[in-house]
Number of protein chains: 2
Amino acid sequence: MEQEHDIRLSLSLEDLGFNAENDSNKRKSSKKYYNEDGTKVFLSKNAGSERKRKQRLNTKLFMLWSLVPMVTNMTKESIFNDAITYIKKLKDEVKSLTQELQAMEPKEKFKERAEPKIEVQVEKMDGNKLWVKMIFENKRGGFKKLMETMNDLGLEMIEANVTTIKGAYLITTFIKGMGGQRLDVHQVKHLLQDIIKII
Amino acid sequence: MEQEHDIRLSLSLEDLGFNAENDSNKRKSSKKYYNEDGTKVFLSKNAGSERKRKQRLNTKLFMLWSLVPMVTNMTKESIFNDAITYIKKLKDEVKSLTQELQAMEPKEKFKERAEPKIEVQVEKMDGNKLWVKMIFENKRGGFKKLMETMNDLGLEMIEANVTTIKGAYLITTFIKGMGGQRLDVHQVKHLLQDIIKII
DNA sequence: ACCCACACGTGAGGC
DNA sequence: TGCCTCACGTGTGGG
C-alpha cells in the first residue's frame, strides 16, 4: 500500500514528456527476475526494447485519452471506446456544422456578381440636404443593403420614392447626414456608386 | 509461407462483427503448446480470457483505425498517431467552423425580437390592384425582407413610396399579383401583417 | 474464493 | 544478419 495503486496503466506524466530513463523502481510485477542469490536472470535482448515499445504504446494511449473529454473508465478498453465515440461525435459535429454553414452561405453569394448598369445623380438642395436619383438592377435585397450601407455611413434617407420597373430599381430621395454632417455632392455620388456596385 | 503473412494485427473483419468462435486455426505463434506426444501443455485459466481480452483490444484498435481516413501505417503505434492527429484536426475543424458560424450569425438575429407596432391598411383599386399603406418599426433590413417576402409570394410593388420617419417605415404602394392572380383585400392585409411581424 | 486488467518476457515472423 | 512488431502465456495486484 505504499504508492502502488495508480499503476494500472503504469504510465504517468513522466511517460508523456520525459521518460526520465528510470527503468529503476516502480515495476508492477514483482516477478522473479533475480535469483535468490541476487544475480540477474537471463533476459533475451528483446525484453528491454519490447518493454520500451509497450511504454511507447501506452504513452500514445494516454495521449489519446487526454484528448477525449468524456471519460468513463481508466481501463484501456474504455479509453478506446471513448475515443471511438468521440471521433464519431466530432465527425457528426463537423458534418452538421458544414451543412449548416452552407445553408446560410447563399445569402452571401450575391456579393460576387457581374457589375450591373447603374445610374446615380446627385444634386444639392437647400439646407444640408441632397437630392438623389438612382437606377440599378433589381437584385433581391438590393434596396435593403443600400439602406443598410447608407445607414452605416450616416446617410439618412428622408423621403424615398422607390419604383420597381421590371428588373431595376428607380429611387429618388432626399439625403442628409445623420449627425448634421455636411455632405459633399461628388463624394456622396461616388459613395453611392460604390455602394450600388457591391450590392 | 502458406497464408501467414497478414497476421501482423491478427484481426480481420471477422473480429469486428462476428468472432466466428474460431479459436481454431491461424495462430501466429507456433510456440509449443503441445508436447511432442500431442498432449496439451498446461495453460493457466487466465490464458484463454487473456487472449480474448487482447482480441477485444485489437478489435477496438481496428475500429479506431477504420474511423481515421488518413492512415500511414498498419502498425499499432501509427494507428495511435493517426487517431491522435485526426482528433486534433477534427477539434480544430469544429472550432473554426463554430466561430465562422458565429461570425455570420448576428445577421440572423433580427428574426427573434419583440413584436413591433404595425399598421396595415389595404384598399381595393381598379383593375386588380390594391393600394397599401404600411407603418412598422424601422428595423434594419426590414424593407428588404418585406420586398423579398412579397416577391416570394407573388406580390409586385408597382409604385412604392417609402418614408423613413425616425424609428419607423411609412410605405404606400400599389400591389398587384405577378401572374395576373386576383388579390383579396383581407387576405393580402393579413398576409402583410404576418410578413411585417416576422421582419 | 474468483475475476479482471495489466506489465512482463518470450518466440516468431517480416523487413 | 539484426531490428521491429506482434500474440501469447504468466504472475501479480485490485475489487
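Because only heavy atoms are used, hydrogens play no part in the values below, and waters and symmetry mates are left out as well, while side chains stay in. Here is the naming used below: chain letters follow the sequence lines, and residue numbers restart at 1 for every chain.
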Review point. Does A:Arg56 place a side-chain N or O at less than 4.0 Å from the phosphate oxygens OP1/OP2 of D:dT5?
Key: yes

Check your understanding: Is the shortest side-chain N/O distance from A:Arg53 to OP1 or OP2 of D:dC6 below 4.0 Å?
Key -> yes

Check your understanding: Is any side-chain N or O of A:Arg51 closer than 4.0 Å to OP1 or OP2 of C:dA7?
Key -> no

Exercise for review: Quick one: list whatever passes salt bridge (charged side-chain N to carboxylate O under 4.0 Å, His left out) with A:Glu123, sequence neighbours left out.
Suggested key: none

Exercise for review: Determine to 10° how strongly the helix from C:dC2-D:dG15 to C:dC15-D:dG2 is bent, judged from the axes of its five-pair ends.
Suggested key: 0°

Point to revise | Rounded distance (Å) that lies between atom P of C:dG14 and atom CE of B:Met74 | key: 16 Å

Point to revise | Contact under 4.0 Å: B:Thr75 side-chain N or O vs D:dC6 OP1/OP2 | key: yes

Review point. What about B:Glu50, does its side chain sit under 3.5 Å from the base of D:dC8 through a donor-acceptor pair?
Key: no

Point to revise | Side chain A:Asn128, main chain A:Gly177, donor-acceptor under 3.5 Å | key: no

Review point. Does the side chain of B:Asp82 come within less than 4.5 Å of B:Trp65's, by heavy atoms?
Key: no

Review point. To the nearest angstrom, how far is A:Asn58 atom CG from D:dT5 atom P?
Key: 15 Å

Study note, to complete from the structure: Separation of C:dA12 atom C1' from A:Asn46 atom CG, nearest Å, is 10 Å

Check your understanding: Given atom NZ of A:Lys60 and atom P of D:dC6, what is their separation to the nearest angstrom?
Key -> 12 Å

Revision key, fill the gap. B:Lys45 NZ to D:dT12 C1', in whole Å, measures 15 Å

Check your understanding: Between B:Lys52 (NZ) and C:dA5 (P), how many Å, whole number?
Key -> 14 Å

Review point. With distance as the sole test, does A:Lys91 use its side chain to make a donor-acceptor pair with the main-chain N or O of B:Leu67 at under 3.5 Å?
Key: yes

Revision key, fill the gap. Between CH2 of B:Trp65 and C1' of D:dC6 the distance, given in whole Å, is 17 Å

**Study point:** Residues that B:Ser49 engages under side chain to side chain donor-acceptor pair (under 3.5 Å), provided they are two or more places apart
**Key:** none

Check your understanding: Can you check side-chain contact (heavy atoms from CB on, under 4.5 Å) on A:Leu183 and A:Leu155, steps first, answer last?
Key -> CA-CA 9 Å; A:Leu183 299 178; A:Leu155 301 179; 3.7 Å; yes

Check your understanding: Taking for each residue the nucleotide of DNA chain D bearing the nearest heavy atom, is the 5' side occupied by B:Gly48 or by B:Glu77?
Key -> B:Glu77

Check your understanding: Considering only side-chain heavy atoms of B:Lys54, which listed nucleotide, C:dC8, C:dT10, C:dC6, is closest?
Key -> C:dC8

Check your understanding: To the nearest angstrom, how far is B:Leu57 atom CG from D:dC8 atom P?
Key -> 12 Å

Practice item. Could you tell me whether A:Lys189 atom NZ has more than 12 heavy atoms of other residues or ligands within 6.0 Å of it? Key: no

